[in-house]
Amino acid sequence: MTRVKIGVIGGGAIAQIQHLPFLKELAEEFDVRVICDISQRIAEFDAQWFQIPTYVTDHRKVLEMDVDAVLLCQTDPKTDVAIAAFNAGKHVFIEKPICFSLREIDSIIGAARKSGRVAQAGYVKLFEPAFEAAQQELKSTQDVRYVQVNHLHPGNTLHIRQFRTKRFDDIPEYAKQEIQNARKAAINDAIGEVPPLVERAFGTLSGSLIHDLYGLRVLFGAPSRVAH
């Protein structure tokens with residue numbers, strides 16, 4: 001079996017808790033060649049802990065390497081890196097949310113189609129046993145008139161502290177500012193200038209509740225309209 005050569009961009013909590021352990025466990029199928037993070041200490045830690053031969057702090061170096069696919073696990077927005085990865089001929093897996101606006105997703109889809117490479121979204125809960133059981137149960141359920149979802153998310157710390165993770169404070173200030181500016185611009189592109197409360201609600205929808213939204217779409221189809 002030919003192993004898929006992988007580069008991981010973004011070495012924080014989601015990579016340390018989910019992707020890197022599973023890729024290591026599936027070593028017969030996947031060969032993680034490089035880990036990238038703008039925090040050199042995170043990149044170095046991940047490389048040592050998960051036995052990855054190379055670490056870098058610039059995603060462009062990953063795209064120049066001999067990898068078949070990249071996993072985008074970095075802080076949002078991921079749009080520019082995703083498009084660059086497709087343009088470099090790589091298959092791309094994007095952690096949720098893929099992006100914030102219709103313009104962004106159109107650009108990502110266009111780049112993916114032009115490249116002919118595989119584009120995957122991190123909507124992994126579709127493959128969990130509970131979701132599959134619900135999907136099976138609905139086959140015998142007729143005329144569903146009302147669905148309610150209660151999503152309780154008290155904060156990531158309760159989840160993250162169950163795992164071994166590392167964070168460092170060596171991210172350059174200019175990089176933090178660039179990320180903040182890019183995120184602000186992406187959200188503004190999606191919903192315009194809005195009060196902070198609305199922006200926080202949008203963040204919750206595109207972060208935590210995205211699992212519920214795509215789950216409902218798969219179970220019941222696309223909505224005919226969004227009321228509020």
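For the single chain, residues carry numbers from 1 onward in sequence order.
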* Going by atom types alone, do Q148 and N150 pair a side-chain donor with an acceptor below 3.5 Å? -> yes
* Asked: Under a 4.5 Å side-chain heavy-atom rule over Ile, Leu, Val, Met, Phe, Trp and Tyr, are I108 and L72 clustered together?
  -> yes
* Is there a side-chain contact between E95 and K78, using heavy atoms and a 4.5 Å cut-off? -> yes
* Does S208 use its side chain to pair, donor to acceptor, with the backbone of T204 at less than 3.5 Å? -> no
* **Within-4.5 Å side-chain heavy-atom neighbours: Q120 and V92** => no
* Structure fact -> Scanning both residues in full, the closest heavy-atom pair of K61 with M65 reads O-CG, 3.0 Å
* To do: For atom CG of L158, decide whether the heavy atoms of other residues, nucleotides or ligands shown that lie under 6.0 angstrom number more than 12.
  => yes
* Asked: Can you find a heavy atom in the side chain of R3 that is under 4.5 Å from one in the side chain of E29?
  -> no
* **Test item: F50 and V32 side chains (from C-beta on) under 4.5 Å apart, heavy atoms** => no
* To do: Search all heavy atoms of A121 against all heavy atoms of I98 and return the closest pair with its distance.
  => CB-CD1, 3.5 Å
* Structure fact -> side-chain contact (heavy atoms from CB on, under 4.5 Å) test vs S101 passes for just one of D189, D106, I191, I187, namely D189
* Hey, are the side chains of F30 and K24 touching, using non-hydrogen atoms and a 4.5 Å cut-off? -> no
* Cluster question for you: counting only ILVMFWY and a side-chain heavy-atom cut-off of under 4.5 Å, with indirect links fine, are F131 and L138 together? -> yes
* To do: On the 0 to 90° scale, with breaks at 30° and 60°, tag the H211-Y214 ring pair as parallel, tilted or perpendicular.
  => perpendicular
* Distance-only, no hydrogens or angles: does the D212 side chain make a donor-acceptor pair with backbone N or O of H151 under 3.5 Å? -> no
* G10 versus A15, closest heavy-atom pair with distance -> O-CB, 3.3 Å
* Quick one: are the ring centres of F93 and H19 less than 6.0 Å apart? -> yes
* To do: Taking N188 for its side chain and K184 for its backbone only, find out whether a donor-acceptor pair lies under 3.5 Å.
  => no
* Polar side-chain atom of D170 near backbone of R41 as donor-acceptor pair, under 3.5 Å -> yes
* Taking E104 for the side chain and F100 for the main chain, is one N or O donor matched with an acceptor at less than 3.5 Å? -> yes
* Structure fact -> For G7 and V62, the nearest pair of non-hydrogen atoms, with its separation, is CA-CG1, 4.2 Å
* **Approximate separation, where rounding is to 0.5 Å, of W49 CH2 and K166 NZ** => 9.0 Å
* Compare all side-chain heavy atoms of D37 with those of Q74 and state whether any distance is below 4.5 angstrom. => no
* Indicate yes or no: at least one non-hydrogen side-chain atom of V67 is less than 4.5 angstrom from one of K90. => yes
* Measure across F202 and A190 and return the closest heavy-atom pair with its distance rounded to 0.1 Å. => CZ-CB, 3.9 Å
* **T165 and Q16: side chain donor to acceptor below 3.5 Å** => no
* Just wondering, do C36 and D58 contact through their side chains at under 4.5 Å, heavy atoms? -> no
* Asked: Is there a donor-acceptor pair under 3.5 Å between the side chain of E199 and the backbone N or O of P195?
  -> no
* For A111 and I83, work out which heavy atoms get closest and say how close. => CB-CG2, 4.1 Å
* Take atom NZ in K176; do more than 12 heavy atoms of anything else shown fall under 6.0 Å from it? -> yes
* **Test side-chain contact (heavy atoms from CB on, under 4.5 Å) applied to V70 and V8, V34, L63, the passing residue** => L63
